[in-house]
Asker: 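The structure follows.
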Amino acid sequence: MGTKHSGSPGDVWLRPSARAAREAPPLSRDRIVAEAIALLDEEGADRLTMRRLAERLGTGSTTLYWHVKTKNDVLDLALDAIFAAVEIPRADGQDWRAGITALISGWRAVLLDHPWSAALLGRPMLGPNVLARSEFLYATLLDAGVTEPHLTAAAYGLSNYVIGSALMQATWTAGEGQATRAAAQERFRADRDRYPVLAAHGPLAADSDWDSSFALGLTWLLDGVHATVDEASGRGRGSSGK
């Protein structure tokens with residue numbers, strides 16, 4: 001019995017019958033990814049292993065490796081899959097700011113729905129769902145009149161803003177957040193003379209309205225992009241008038 005899961009010769013006789021196997025959905029990459037996302041949502045990235053994923057799928061690791069070679073493969077596929085929920089705004093003549101706001105807001109919602117995801121976004125993001133949304137972001141900025149080197153800076157700034165804000169919010173659990181805020185407030189009271197501004201206005205001094213703060217920060221970023229476009233247009237008009 002000690003060799004039941006070791007992969008030794010003869011294991012074929014210890015596997016479920018073909019009839020039992022047919023009772024479960026056939027293993028596919030889509031099913032693997034869906035189960036991986038469920039595991040990640042429940043327990044986080046640290047708990048994801050190929051062995052645990054195979055157990056949840058009711059299969060062996062060897063069978064799993066026929067579809068995905070490594071844990072990194074699973075993470076890459078899961079990250080791209082969740083971005084399918086970010087709706088790409090239609091190109092229906094709407095203001096470029098409205099389109100980008102809708103995209104970034106949808107991106108944030110997905111990251112918060114899957115709290116493990118923001119911390120993994122340093123990985124190469126080359127899946128079709130991510131690339132389609134990145135294409136929209138770059139194309140919308142370009143159509144608005146943002147050119148290099150401002151184009152890359154604007155896209156990076158918007159991306160980094162949504163990732164960073166979602167990561168902070170996702171890791172700020174209710175219990176830990178309250179305890180941390182209480183400790184911060186006590187420190188501020190004790191050292192108010194040294195940190196007067198933080199005591200009055202710091203992010204830990206009072207409860208945060210995540211949605212309003214995010215929307216305001218996004219508005220400021222887009223104001224900066226808009227100002228860059230207006231400045232470039234002004235230079236263009238000035239040059240043409242000479």
Asker: To the nearest 0.5 Å, tell me how far W66 CH2 sits from L27 CG.
Answerer: 12.5 Å

Asker: Evaluate the side-chain proximity of N129 to V86: yes if any heavy-atom separation is below 4.5 Å, no if none is.
Answerer: no

Asker: Less than 3.5 Å apart, which donor and acceptor atoms pair up between the side chains of residues 214-222 and the rest of the protein, not counting sequence neighbours?
Answerer:
{"unit_1": "T219", "atom_1": "OG1", "unit_2": "A215", "atom_2": "O", "d": "3.0"}

Asker: Extract all donor-acceptor atom pairs below 3.5 Å that involve side chains of residues 142-149 and protein atoms in other chains or at least two apart in sequence.
Answerer:
{"unit_1": "E148", "atom_1": "OE1", "unit_2": "T152", "atom_2": "N", "d": "3.3"}
{"unit_1": "E148", "atom_1": "OE1", "unit_2": "T152", "atom_2": "OG1", "d": "3.1"}
{"unit_1": "E148", "atom_1": "OE2", "unit_2": "T152", "atom_2": "OG1", "d": "2.7"}

Asker: Tell me the salt bridge (Lys or Arg N to Asp or Glu O under 4.0 Å) pairs involving residues 60-72, sequence neighbours left out?
Answerer: none

Asker: Can you measure from CG (L126) to CG (L79) and round to the nearest 0.5 angstrom?
Answerer: 11.5 Å

Asker: State, with a plain yes or no, whether a side-chain heavy atom of L121 is found less than 4.5 Å away from one of L111.
Answerer: yes

Asker: What's the separation between atom CG in L57 and atom NE2 in H67, rounded to the nearest 0.5 Å?
Answerer: 9.5 Å

Asker: Which residues satisfy the side chain to side chain donor-acceptor pair (under 3.5 Å) test with T62, sequence neighbours excluded?
Answerer: none

Asker: Once rounded to the nearest 0.5 Å, what's the spacing between atom CG of N72 and atom CG of L77?
Answerer: 10.5 Å

Asker: Quick one: do L40 and L75 satisfy side-chain contact (heavy atoms from CB on, under 4.5 Å)? Show the steps, please.
Answerer: CA-CA 9 Å; L40 288 162; L75 290 174; 4.2 Å; yes

Asker: For D80, check salt bridge (Lys or Arg N to Asp or Glu O under 4.0 Å) against everything at least two apart and list the hits.
Answerer: none

Asker: So which pairs with a foot in residues 103-119 pass side-chain hydrogen bond (donor to acceptor under 3.5 Å, both in side chains), sequence neighbours left out?
Answerer: D41-H114, D41-W116, R108-Q169, R108-D211

Asker: Atom CG of L131 and atom CE of M125: how far apart are they, to the nearest 0.5 Å?
Answerer: 9.0 Å

Asker: P89: which residues meet the side chain to side chain contact (heavy atoms under 4.5 Å, CB included) condition with it, sequence neighbours left out?
Answerer: Q94, A102, L103, F136

Asker: Using the test side chain to side chain contact (heavy atoms under 4.5 Å, CB included), find all partners of A155 that sit at least two apart in sequence or belong to another chain.
Answerer: L137, Y138, L141

Asker: Check whether V74 and V110 end up in the same hydrophobic cluster, where Ile, Leu, Val, Met, Phe, Trp and Tyr are linked by side-chain heavy atoms less than 4.5 Å apart.
Answerer: yes

Asker: Taking salt bridge (Lys or Arg N to Asp or Glu O under 4.0 Å) as the cut-off, I'd like each qualifying pair that reaches into residues 114-141, sequence neighbours left out, listed once.
Answerer: D76-R123

Asker: Could you work out, with side chain to side chain donor-acceptor pair (under 3.5 Å) as the rule, every residue matching R52, not counting sequence neighbours?
Answerer: E43

Asker: Could you tell me which residues satisfy side chain to side chain contact (heavy atoms under 4.5 Å, CB included) with A38, sequence neighbours excluded, listed by chain and number?
Answerer: E35, E42, R56

Asker: Give, for atom CG of L53 and atom CG of L48, the distance between the pair rounded to the nearest 0.5 Å.
Answerer: 6.0 Å

Asker: Check whether more than 12 heavy atoms from other residues, nucleotides or ligands sit under 6.0 Å from atom CD of E55, and answer yes or no.
Answerer: yes

Asker: Can you list everything that forms a salt bridge (Lys or Arg N to Asp or Glu O under 4.0 Å) with R97? Sequence neighbours excluded, please.
Answerer: D223

